[in-house]
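Working notes, beginning with the structure itself.
Each ligand, and each atom within it, is numbered from 1 in the order the structure gives. Note that these values count all heavy atoms, side chains included, but never hydrogens, waters or copies made by symmetry. Quick note: residue numbers are just sequence positions, from 1.
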Amino acid sequence: MTWIFNRPSDFAKEMVTGFVSAHASQVRQVPGGVVRNTKSRPASVAIVVGGGSGHYPAFCGLVGQGLAHGAAMGNLFASPSSQQICSVARAANNGGGVLLMFGNYAGDVLHFGLACERLRSEGIPCETLAVTDDISSASLAEKEKRRGVAGDLVVFKVAAAAAERGDSLAEVLTIARRANERTRTLGLAFSGCTFPGAEHPLFSVPEGKMGFGMGIHGEPGISELDILSSNALAQMLTRSLLAECPDGVTRPEGARLGVIINGLGAVKYEELFVFWHDVEQQLSAAGVVIADINIGEFVTSFNMAGMSMTLVWFDDELEALWQAPASTPAFSRGSLLPQEPLDAVQLEQSSVIPIAQGSAESQKAAVKVMAMVDALAQTVIAHAEELGQIDAIAGDGDHGIGMERGVIAAQLAAKHALQQGGGVGTLLQCAADAWADEGGGTSGAIWGVILNTLGTALGNNEKPNAASVAQAVTQANAGVMHFGKAKPGDKTLVDVLLPFSQALCAAADKGLSLSQAWHKASDVAQKSAQETAQLLPKIGRARPLAERSLGTPDAGAVSMAMIISAVADCMPVGIDQGSPREKVCP
Ligand SMILES: Nc1ncnc2c1ncn2[C@@H]1O[C@H](COP(=O)(O)OP(=O)(O)O)[C@@H](O)[C@H]1O
Ligand SMILES: O=C(COP(=O)(O)O)[C@@H](O)CO
C-alpha cells in the first residue's frame with residue numbers, strides 16, 4: 001500500500017513539485033514536467049524523455065547535465081499528453097532539435113508521436129525513439145513490439161552523451177538506436193503495486209509465486225513460477241539474457257557487458273547485492289567481460305516487489321558514451337564542472353485559449369451536449385472499477401482509473417466552455433484537450449482525437465442533426481484508425497466505434513431522426529462490445545498475453561459502448577423528426 005499522500009488525485013503533481021524543490025539546483029518545473037536548471041551547450045540536441053509517473057527515478061530523476069534535458073511526466077502509469085510533451089520540449093530546446101525518448105507503450109507512442117508532429121510543424125526538428133529492451137514482452141522476431149523498462153536509462157544516457165559532444169539530431173538518433181539494439185532486460189515480480197488511496201492492488205501475484213517477465217505496469221509475465229533462491233534466479237535470468245546476442249555478436253565469450261540490477265520498488269538494495277553476487281559468478285562462468293555494473297533503482301514499478309537485470313552489449317563508442325560524466329538527481333557518474341544556472345526565463349504558461357462563441361442555435365445545442373457529457377462521466381465513474389478489472393485480465397488494470405480522470409477533466413472543461421458562450425464545437429474541443437491531458441494513456445489520446453474531431457466537424461454554427469453527427473462520428477473513427485493504427489478485429493475500441501459509425505450512417509440515410517439513429521446504432525455498439533470477447537488482441541497492452549483475454553471483452557470497447565449508451569439515454573426517442581436524405585456517409 002501507499003502510506004504517505006494527501007488527495008490521491010493530487011499525488012503525481014505533488015510528487016513532481018516536491019522533487020523539483022528538493023533538487024532546484026539541477027531541475028526546474030515547467031508545465032508538463034521538468035527541464036534542466038543549468039545551461040546546456042548552445043545548438044545541441046535536446047534529449048526529452050518521459051512517460052507515466054510512478055517509475056521514479058524515471059523520468060524526472062534522470063534530468064540533469066550529461067543526461068536528459070527534460071522529462072514529460074504523466075499521471076501514475078499513464079503517458080503524458082502531447083501538449084505536456086510539447087511544453088517540456090519547447091522549454092528544453094537548445095536550438096539543435098529534440099529527440100523524444102520513451103518506453104514502447106501504446107499511450108506513449110501515440111502522445112509522443114503527436115507531439116513530434118506538432119513540434120515539427122512549429123519548425124523544431126524532432127525525432128522519436130521508443131525503447132524496446134524487455135525481452136519477455138515479444139519474441140526476437142517481433143522485437144519492435146517489445147516494451148521499454150530499465151534499458152530506458154542506457155538508451156537515454158548514450159543519446160544524451162552523444163548530444164553533449166555535439167552530434168547532430170540524425171547522429172544522436174543513430175547512436176540511440178544502436179544502444180537500444182544492444183540492450184536487453186528481463187524482470188520478475190513477487191507482488192503487485194497499490195496506488196495511493198486504492199483499496200486493492202492494481203495487479204497481484206499469487207502468494208509464493210513470481211511473475212516471470214512481468215512488466216512495469218503489472219502486464220502479466222510469461223509464466224508464474226514458484227519463488228526460487230537467488231542463485232537459481234541468477235542462473236535463469238543470466239541464461240535467458242545471454243541466449244540473445246545482438247546482431248554482430250556471435251557468442252557471449254569475450255563480449256564486454258554493462259550490467260544493471262534494478263529494483264522495481266519494494267525489493268531492498270541488500271537483496272539486489274545478494275542477487276548480484278550470484279549473477280557475477282554466472283557471467284564470469286560464461287566468459288563475458290563485466291565492463292560496468294550498476295545496482296539500484298533506475299526504472300521502478302511504483303511499490304511493486306520485483307527486480308530486473310539488464311545487459312548492455314558494449315562496443316567502444318557505446319561504452320565511452322555510457323561512461324561519460326553525468327550529474328542528475330538520481331544518477332551520477334564521473335565528475336563534471338557544474339554548468340551555470342539558467343537565467344530566470346519566461347517559461348511557457350498553460351495557455352488560456354479564448355473560447356470561440358457559438359451561434360445562438362449551437363449554444364442551445366451545447367446545453368444538451370453538456371448534459372450528455374455529465375451523463376457519460378457519471379457512467380464511467382460508476383463503472384471505473386469494473387473497467388479496471390476487465391483491463392487487468394490481460395492488460396495493466398488502469399483503464400478505469402484513466403477513463404475516470406479523463407471524463408472528470410472533460411466535464412469541467414466542457415462546463416467552462418459552455419459558461420463562456422461556446423457552441424457545440426468548442427465545448428467538445430475543450431473537453432477533448434482536457435481528457436487527453438488528464439486521462440493520459442492510450443484511451444486519453446484516443447478520446448482526445450474522438451472529441452476533437454467531433455467538435456471540429458460539428459462546429460459552432462449549426463444545430464447537430466442525424467446526418468452531421470453520423471458524418472462527424474465517421475470522421476472520428478477514421479481519425480482514431482489513422483492515429484492509433486488499429487484495424488477492425490484487433491480487439492480495441494475501434495471494434496465498437498466503426499460498426500457504430502456505420503450503423504449511424506445507415507440510419508441517417510434512411511432519414512431517421514438523430515435520437516432514433518443514435519439508439520439504433522447504440523444497440524449495434526453494445527453487441528459489438530460483447531463480441532470483442534471472441535477476439536485476440538493484436539495491438540496494445542493485452543497483445544503479449546492474447547489468449548488470456550479470450551472470453552473477456554476489450555476494456556476500451558466496453559467503455560466506448562457504455563458512453564454511447566449513456567448519451568442515448570439523454571436522447572428520448574421520437575422527439576425530433578428526421579426526413580429521408582441523400583447518402584450521408586461514403
Ligand atoms: N492503437 C489503438 N487504437 C485504438 N484503441 C486502442 C489502441 N490500443 C489500445 N486501444 C484501446 O485502449 C484501451 C486501453 O486504454 P488504456 O487503459 O488507457 O491504455 P493503456 O494500455 O495505455 O493503459 C484498450 O482496451 C483498447 O480498446
Ligand atoms: O507508465 C507508462 C504509461 O504508459 P501508457 O502507454 O500510457 O499506459 C509508461 O509511460 C512507462 O514508460
- Note on the structure: Closest non-hydrogen contact found for Asn303 with Met1 is ND2-O, 3.3 Å

- Proximity to ligand 1 by part of Asp490, non-hydrogen separation under 4.0 Å: neither

- Using a strict cut-off of 4.0 Å, indicate which atoms of ligand 1 neighbour a heavy atom of Ile446. 3 (N), 4 (C), 5 (N)

- Query: For Asp108, is at least one N or O under 3.5 Å away from an N or O on ligand 2?
  - Reply: yes

- Item | His217 N/O under 3.5 Å from ligand 2 N/O | yes

- Under 6.0 Å between ring centres, would you say that holds for Phe112 and Phe102? yes

- Of Ala557, Ala486, Gly388, Ser549, which has the heavy atom at the shortest distance from atom 3 (N) of ligand 1? Ala486

- Message: Taking the basic N atoms (NZ, or NE/NH1/NH2) and the acidic carboxylate oxygens, is any pair closer than 4.0 Å for Arg184 and Glu244?
- Response: yes

- Message: Looking at Lys145 and Glu142, is there a salt bridge between them, counting it only when a charged N and a carboxylate O are closer than 4.0 Å?
- Response: yes

- Task: Measure centre to centre between the rings of Phe77 and Phe195, then say whether the value is under 6.0 Å.
- Result: yes

- Angle class for the Phe500/Trp518 ring planes (parallel below 30°, perpendicular above 60°, tilted otherwise)? perpendicular

- Got an N/O contact under 3.5 Å between Asp398 and ligand 1? yes

- Test of proximity, His55 against ligand 2: N or O pairs below 3.5 Å: yes

- Task: Compute whether any side-chain donor of one residue and acceptor of the other, for Glu297 and Asn262, lie under 3.5 angstrom apart.
- Result: no

- Item | Test ring pair (Phe, Tyr, Trp, His ring centres under 6.0 Å) applied to Phe331 and Phe156, Phe59, Trp322, the passing residue | Trp322

- Query: Knowing that exactly one of Asp134, Val131, Thr310 qualifies, which makes a side chain to side chain contact (heavy atoms under 4.5 Å, CB included) with Val149?
  - Reply: Asp134

- Is the Phe302-Tyr56 ring centre distance short of 6.0 angstrom? no

- Note on the structure: In ligand 1, the atoms that come under 4.0 Å of a heavy atom of Asp554 are 24 (C), 25 (O), 26 (C), 27 (O)

- Describe, in one word, how the ring planes of His23 and Phe19 are oriented to each other, choosing from parallel (under 30°), tilted (30 to 60°) and perpendicular (over 60°). tilted

- Task: Would you tell me whether Glu219 and Ser137 have side-chain atoms, one donor and one acceptor, within less than 3.5 Å of each other?
- Result: no

- Message: Regarding ligand 1, does Lys491 bring an N or O atom to under 3.5 Å of one of the ligand's N or O atoms?
- Response: no

- Heavy-atom closest contact (Met481 atom, Lys487 atom, distance): CE-CA, 4.4 Å

- Message: Please check whether Asp152 reaches ligand 2 - meaning an N/O of the residue sits under 3.5 Å from an N/O of the ligand, judged on distance alone.
- Response: no

- In terms of atom number and element, which parts of ligand 2 are under 4.0 angstrom from non-hydrogen atoms of Ala106? 6 (O)

- Query: What part of Phe59, side chain from CB on, backbone N/CA/C/O, both or neither, has a heavy atom under 4.0 Å from ligand 2?
  - Reply: side chain

- Counting from 1, what ligand 2 atoms have a heavy atom of Gly51 closer than 4.0 Å? 10 (O)

- Query: Quick one: which of Gly556, Ser443, Ala529 has a heavy atom closest to atom 18 (O) of ligand 1?
  - Reply: Ser443

- Item | Test of proximity, Gly440 against ligand 1: N or O pairs below 3.5 Å | no

- Item | Value rounded to 0.5 Å, distance of CG in Leu376 from CE in Met560 | 11.0 Å

- Is there any N or O on Gly444 that sits under 3.5 Å from an N or O of ligand 1? no

- Item | Residue Ala78 vicinity, atoms of ligand 2 by number, heavy atom under 4.0 Å | 1 (O), 3 (C), 7 (O)

- Note on the structure: Taking only non-hydrogen atoms of Gly52 and a 4.0 Å limit, the atoms of ligand 2 in range are 1 (O), 2 (C), 9 (C), 10 (O)

- Item | Under-4.0 Å heavy-atom contact with ligand 2, by part of Ser79 that carries it | both

- Task: Would you check whether Gly484 has a nitrogen or oxygen atom less than 3.5 angstrom from a nitrogen or oxygen atom of ligand 1?
- Result: yes

- Test item, Gly440 contacting ligand 2 (heavy atom, 4.0 angstrom): no

- Message: Only heavy atoms of Asp391, strictly under 4.0 Å: list the atoms of ligand 1 that pass.
- Response: 17 (O)

- Task: Say whether Phe77 and ligand 2 are in contact under the criterion: heavy-atom distance to a ligand atom below 4.0 Å.
- Result: yes

- Looking only at N/O atoms, are Ile216 and ligand 2 under 3.5 Å apart anywhere? no

